[in-house]
Amino acid sequence: MVVRPARGAPGCHTGAVATLETEAVVLRTLRYAEADAVLALFTRAAGRVSAIAKGARKPTSRLGGRLQPGVSVQASLYRGRGDMFTVRGASVLDARAGLWVEGWRLQAAGSVLEAVMRVMPEEEASEEAWFLLDRALRMLVGAAPAEGPARLHPLVLGSHAKLLVVSGLLPMLGACAMCGAPGPAAGFSARAGGVLCERCAHHGERCEPGGPAALAGLVAHPLAEAAQQVPAGDAAGVERLIGLVLSEHLGVRLRSAAPL
């Protein structure tokens with residue numbers, strides 16, 4: 001992965017002329033103009049970036065099939081004086097074709113991709129987020145289906161939970177965020193910073209202790225063990241806690257998640 005600022009440019013930042021050679025995962029693809037595509041990419045070298053792939057939607061384009069959500073590519077990007085990169089070339093590193101075999105896998109992968117796109121700041125490289133995204137997608141290719149909606153799959157919830165850690169948003173889960181009393185949790189307040197004891201629960205909203213316990217398990221254990229950390233009955237509670245944190249601290253509500 002190489003960043004090469006053009007001669008005389010101050011570096012690779014908004015407004016700088018630069019070329020970027022890096023591994024990247026396509027987070028989102030939007031149609032633009034008659035034949036172009038606007039992409040959200042998570043790159044290993046520069047974090048989340050926006051790019052335009054000119055002519056990618058033409059039938060004769062070699063880029064179109066390589067720039068689908070979830071696909072990992074080696075990308076060659078160029079930016080002039082504007083804010084957006086231009087895709088000069090892309091070669092597939094991992095098509096993750098298994099994600100397209102079953103609808104639930106594609107939906108689960110979409111939730112992982114959306115979370116990275118909405119949570120990670122623009123143009124801020126993160127090796128932790130890069131490896132988390134890559135591992136989650138690889139595991140979803142061969143994962144067994146879970147009960148309930150794809151968005152509540154343990155791998156999805158596990159990746160979201162670890163994304164809270166990477167982004168510095170992990171709430172207190174082992175003791176009351178207001179008075180420090182040990183669990184079990186009786187409530188939760190993202191504004192206060194985490195779980196609440198019985199005495200402080202009125203400062204937030206009531207929650208079953210299984211949700212915070214499962215979230216703590218997802219954070220503490222490898223992603224490969226996510227299924228053992230989330231009983232089916234606690235999955236929705238974990239999703240809600242993560243949603244409350246993202247809403248409070250980033251103003252973000254994942255479209256792929258249930259309404260708060």
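- Listed by chain and residue number, A150 satisfy the side chain to side chain contact (heavy atoms under 4.5 Å, CB included) test with Q107 (two or more places apart in sequence, or in another chain).
- Considering only heavy atoms from C-beta on, V119 stays 4.5 Å or farther from H160 through its side chain.
- A90 and L63 make their closest contact through N-CD2, 3.8 Å (heavy atoms, listed as atom of the first residue, atom of the second, distance).
- At a threshold of 4.5 Å between side-chain heavy atoms, the hydrophobic network of Ile, Leu, Val, Met, Phe, Trp and Tyr places I52 and F85 in two separate groups.
- Considering all non-hydrogen atoms of both residues, C200 and L196 come closest at O-CD1, 3.4 Å.
- Within 6.0 Å of CZ on R28 lie no more than 12 heavy atoms contributed by other residues, nucleotides or ligands.
- The cluster map of Ile, Leu, Val, Met, Phe, Trp and Tyr, joined by side-chain heavy atoms under 4.5 Å apart, puts V141 and L155 in the same cluster.
- When side chains are defined from C-beta on, I242 counts as touching L164, because their heavy atoms get closer than 4.5 Å.
- Legend: salt bridge (charged side-chain N to carboxylate O under 4.0 Å, His left out) pairs involving residues 186-203, not counting sequence neighbours, sorted by first then second residue: R191-E248, E198-R206.
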S247 and L260: side-chain contact (heavy atoms from CB on, under 4.5 Å), yes or no, with the steps? CA-CA 9 Å; S247 178; L260 293 176; 3.8 Å; yes

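- Closest heavy-atom contact between M172 and A177: SD-CA, 3.9 Å.
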Side chains of residues 31-43: which donor-acceptor partners sit under 3.5 Å, not counting sequence neighbours?
{"unit_1": "D36", "atom_1": "OD1", "unit_2": "G55", "atom_2": "N", "d": "2.7"}
{"unit_1": "T43", "atom_1": "OG1", "unit_2": "A46", "atom_2": "N", "d": "2.9"}
{"unit_1": "T43", "atom_1": "OG1", "unit_2": "G47", "atom_2": "N", "d": "3.1"}
{"unit_1": "T43", "atom_1": "OG1", "unit_2": "G47", "atom_2": "O", "d": "2.9"}

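- Applying the ring-ring contact (aromatic ring centres under 6.0 Å, His included) test to residues at least two apart or on different chains, none of the pairs has a partner in residues 162-184.
- M178 and L244 fall into different hydrophobic clusters, where Ile, Leu, Val, Met, Phe, Trp and Tyr residues are linked whenever their side-chain heavy atoms come under 4.5 Å apart, directly or through other members.
- Here the side chains of E239 and L254 are not in contact, with every heavy-atom distance at 4.5 Å or above.
- There is no path of hydrophobic side-chain contacts, each under 4.5 Å, that joins L132 to V49.
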Kindly determine whether T19 and R88 satisfy side-chain contact (heavy atoms from CB on, under 4.5 Å), including the steps that lead there. CA-CA 9 Å; T19 58; R88 283 185 163 177; 4.1 Å; yes

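- Listed by first then second residue, pairs satisfying ring-ring contact (aromatic ring centres under 6.0 Å, His included) with a partner in residues 96-149 read W104-H153, not counting sequence neighbours.
- Here the closest non-hydrogen pair linking A161 and L215 is CB-CD1, 3.6 Å.
- Between L223 and A136 the shortest heavy-atom distance is CD2-CA, 3.8 Å.
- Using a 4.5 Å cut-off between side-chain heavy atoms of Ile, Leu, Val, Met, Phe, Trp and Tyr, with links allowed through other members, L67 and V112 fall into different hydrophobic clusters.
- For the pair P154 and Q229, the minimum side-chain heavy-atom distance is 4.5 Å or more.
- Annotation: ring-ring contact (aromatic ring centres under 6.0 Å, His included) contacts involving residues 232-260, sequence neighbours excluded, are absent.
- Contact of the R240 side chain with the E205 side chain is registered, since non-hydrogen atoms from C-beta on lie closer than 4.5 Å.
- Residues R135 and S159 are not in side-chain contact: their nearest non-hydrogen atoms beyond the backbone lie 4.5 Å or more apart.
- The CD atom of Q228 lies 10.5 Å from the CG atom of L218; values are rounded to the nearest 0.5 Å.
- The shortest distance between side-chain heavy atoms of S50 and E122 falls below 4.5 Å.
- Residues L140 and R105 have side chains not in contact (no heavy-atom distance under 4.5 Å, counting atoms from C-beta outward).
- V71 is linked by a side chain to side chain contact (heavy atoms under 4.5 Å, CB included) to Q68, V73, V92, counting only residues two or more places apart in sequence or in another chain.
- R118 meets the salt bridge (Lys or Arg N to Asp or Glu O under 4.0 Å) test with E114; sequence neighbours excluded.
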Go through the steps for V26 and T29 under the test side-chain contact (heavy atoms from CB on, under 4.5 Å), then give the verdict. CA-CA 7 Å; V26 182; T29 301; 3.6 Å; yes

List the steps and the verdict of side-chain contact (heavy atoms from CB on, under 4.5 Å) for L77 and T86. CA-CA 5 Å; L77 309 174; T86 297; over 6 Å; no

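- Under the rule for a side chain to side chain contact (heavy atoms under 4.5 Å, CB included), the partners of S72 that lie at least two apart in sequence or sit in another chain are V25, L93, D94, R96.
- Annotation for P212 and L241: closest pair N-CD1, 3.6 Å, computed over non-hydrogen atoms.
- Applying the salt bridge (charged side-chain N to carboxylate O under 4.0 Å, His left out) definition to pairs two or more places apart or across chains, none involves residues 58-76.
- The pair E21-R44 fails the salt-bridge criterion, with no side-chain N (NZ, NE, NH1 or NH2) lying under 4.0 Å from an Asp/Glu carboxylate O.
- Under a 4.0 Å N-O distance rule, the pair E123/R48 does not qualify as a salt bridge.
- For residues 185-236, no pair satisfies ring-ring contact (aromatic ring centres under 6.0 Å, His included), with sequence neighbours left out.
- Every pair tested for salt bridge (charged side-chain N to carboxylate O under 4.0 Å, His left out) that includes a residue from residues 208-236 fails, sequence neighbours excluded, so the list is empty.
- Atom CG of L163 is separated from atom CG of L169 by 8.0 Å, given to the nearest 0.5 angstrom.
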